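Okay, structure first, notes after.
Numbers here are sequence positions counted from 1. Remember, it's a predicted structure, so these values are computed and weren't measured experimentally.
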Amino acid sequence: MSSGRGISRSVRLFSAFRVEQTEPDRFYGALADDSIALLRDWTELRDRVVLDVGAGPRQFADAFRAAGARYVPVDHDPMVSSVADGGVVATAAALPLADRSVDLVFSSNLWEHVREPEAVADEMVRVVRPGGLVFLSYTNWLSPWGGHETSPWHWLGGERAARRYERRHGHPPKNTVDRTLFRVSVAQGLRWARRQPEVEVLVARPRYLPDVAEHLLKVPGARELLTWNLLLILRRR
């Protein structure tokens with residue numbers, strides 16, 4: 001296991017997180033590199049077939065291919081940069097792949113954008129081979145960034161936060177609650193993972209915080225406010 005996921009790593013990620021809108025290359029590059037490091041604790045990536053569900057920024061494609069993976073991006077939007085460069089256009093709820101056909105399913109910050117997240121997660125499990133991994137992370141609604149660009153005003157209500165954003169910026173937010181952004185919780189992801197009979201939970205902890213913060217998940221109220229982003233790494237039985 002890596003010993004480098006301490007406070008300094010969290011500081012680097014949150015520093016990059018602050019410039020997501022103004023310096024997306026920096027933010028997504030840092031997140032992609034960190035994702036590769038997390039996965040290398042559990043699997044070899046070279047020559048593995050990696051399915052990125054809800055693919056988006058090209059930085060993830062670059063990082064996985066640099067690691068030697070056979071990277072396949074999937075997204076419903078054909079204009080997404082990684083999909084436009086040889087990806088698959090499909091919905092996450094109905095992946096056009098055979099059962100047990102890929103080595104690794106990677107999904108970063110998709111779960112909060114789908115209406116039926118558990119069904120999407122089941123679909124990820126369906127396509128991964130026995131012994132393969134599912135990497136699933138998402139931003140929960142009650143985290144400081146749960147409203148995405150309308151944060152932290154989403155704590156006062158998603159619709160109210162969206163109206164405030166439009167008044168300040170002159171246009172509605174990209175992420176609209178109950179349309180393209182949904183109120184998922186940490187408890188919801190943990191419950192799904194622990195009840196899914198076909199997976200073993202290898203990792204369950206806050207994605208951006210130091211490893212020791214995994215203990216937050218044992219405290220129901222605190223985990224919803226402090227986790228920021230839940231990371232699950234699962235092995236298909």
Side-chain angles (χ1 to χ4, degrees), residues 1-14 16-17 28 30-46 48-55 60 63-64 67 69 71 92 102-112 117-118 120-140 142-143 145-146 184-220 222-237:
M1 298 292 292
S2 171
S3 60
R5 289 189 296 265
I7 294 175
S8 60
R9 165 188 171 266
S10 297
V11 170
R12 289 195 303 272
L13 287 174
F14 281 116
F17 192 83
Y28 289 112
L31 195 57
D33 290 343
D34 189 71
S35 299
I36 296 294
L38 288 169
L39 283 165
R40 279 181 166 152
D41 277 358
W42 298 101
T43 187
E44 171 61 51
L45 292 172
R46 182 163 299 280
R48 299 294 196 270
V49 178
V50 175
L51 183 71
D52 187 349
V53 180
F60 288 95
F64 275 107
Y71 176 80
V102 304
D103 299 303
L104 168 66
V105 174
F106 178 84
S107 184
S108 176
N109 297 318
L110 168 71
W111 230 50
E112 69 266 35
E118 290 90 351
V120 168
D122 287 343
E123 188 70 349
M124 296 177 194
V125 173
R126 179 186 68 80
V127 302
V128 76
R129 65 169 177 80
L133 300 184
V134 174
F135 178 112
L136 172 62
S137 77
Y138 64 92
T139 302
N140 58 298
L142 288 180
S143 79
W145 194 244
V184 293
S185 67
V186 172
Q188 189 175 353
L190 293 175
R191 184 167 55 246
W192 169 82
R194 291 165 178 167
R195 293 179 179 177
Q196 227 294 347
E198 297 186 6
V199 301
E200 172 192 2
V201 179
L202 302 178
V203 173
R205 64 170 178 261
R207 183 178 184 179
Y208 305 137
L209 301 181
D211 286 358
V212 295
E214 66 181 345
H215 299 296
L216 279 174
L217 301 188
K218 298 177 181 179
V219 187
R223 69 190 179 194
E224 299 297 341
L225 292 172
L226 302 177
T227 294
W228 279 80
N229 187 288
L230 179 65
L231 169 64
L232 297 170
I233 300 179
L234 315 168
R235 178 179 286 131
R236 174 74 185 269
R237 298 186 192 278

List the steps and the verdict of side chain to side chain contact (heavy atoms under 4.5 Å, CB included) for F17 and L31. CA-CA 9 Å; F17 192 83; L31 195 57; over 6 Å; no
Could you go through the side chain to side chain contact (heavy atoms under 4.5 Å, CB included) check for L136 and S107 one step at a time? CA-CA 5 Å; L136 172 62; S107 184; 4.2 Å; yes
Should R207 and N109 count as side-chain neighbours, where that means a heavy-atom distance under 4.5 Å? yes
What I'd like to find out is whether the side chain of F106 reaches to under 4.5 Å of the side chain of L133, using heavy atoms alone. no
Does this structure show an ion pair linking R5 with D41, if we count only N-O contacts that are shorter than 4.0 Å? yes
Under 3.5 Å, is there a donor-acceptor pair between the side chain of R223 and the main chain of L217? yes
Does S10 use its side chain to pair, donor to acceptor, with the backbone of Y208 at less than 3.5 Å? yes
Please report whether the ring centroid of W42 lies less than 6.0 Å from that of F135. no
Any side-chain heavy atom of Q188 sitting closer than 4.5 Å to one from E118? yes
Could you name each residue pair satisfying salt bridge (Lys or Arg N to Asp or Glu O under 4.0 Å) that touches residues 120-129, not counting sequence neighbours? D99-R126, D103-R129, E123-R126
Here the gap from L230 atom CG to E224 atom CD, rounded to the nearest 0.5 Å, amounts to 9.0 Å
Could you tell me if the side chain of P210 sits less than 4.5 Å from the side chain of I7, heavy atoms only? yes
Can any side-chain N or O of Y138 pair as donor or acceptor with the backbone N or O of G189 at less than 3.5 Å? yes
May I ask you to decide if L45's main-chain N or O and R40's side chain share a donor-acceptor pair within less than 3.5 Å? no
Side-chain donor or acceptor of R236 paired with backbone N/O of V125 under 3.5 Å: yes
So, using side-chain hydrogen bond (donor to acceptor under 3.5 Å, both in side chains) as the criterion, who are the partners of R191 when residues are at least two apart? none
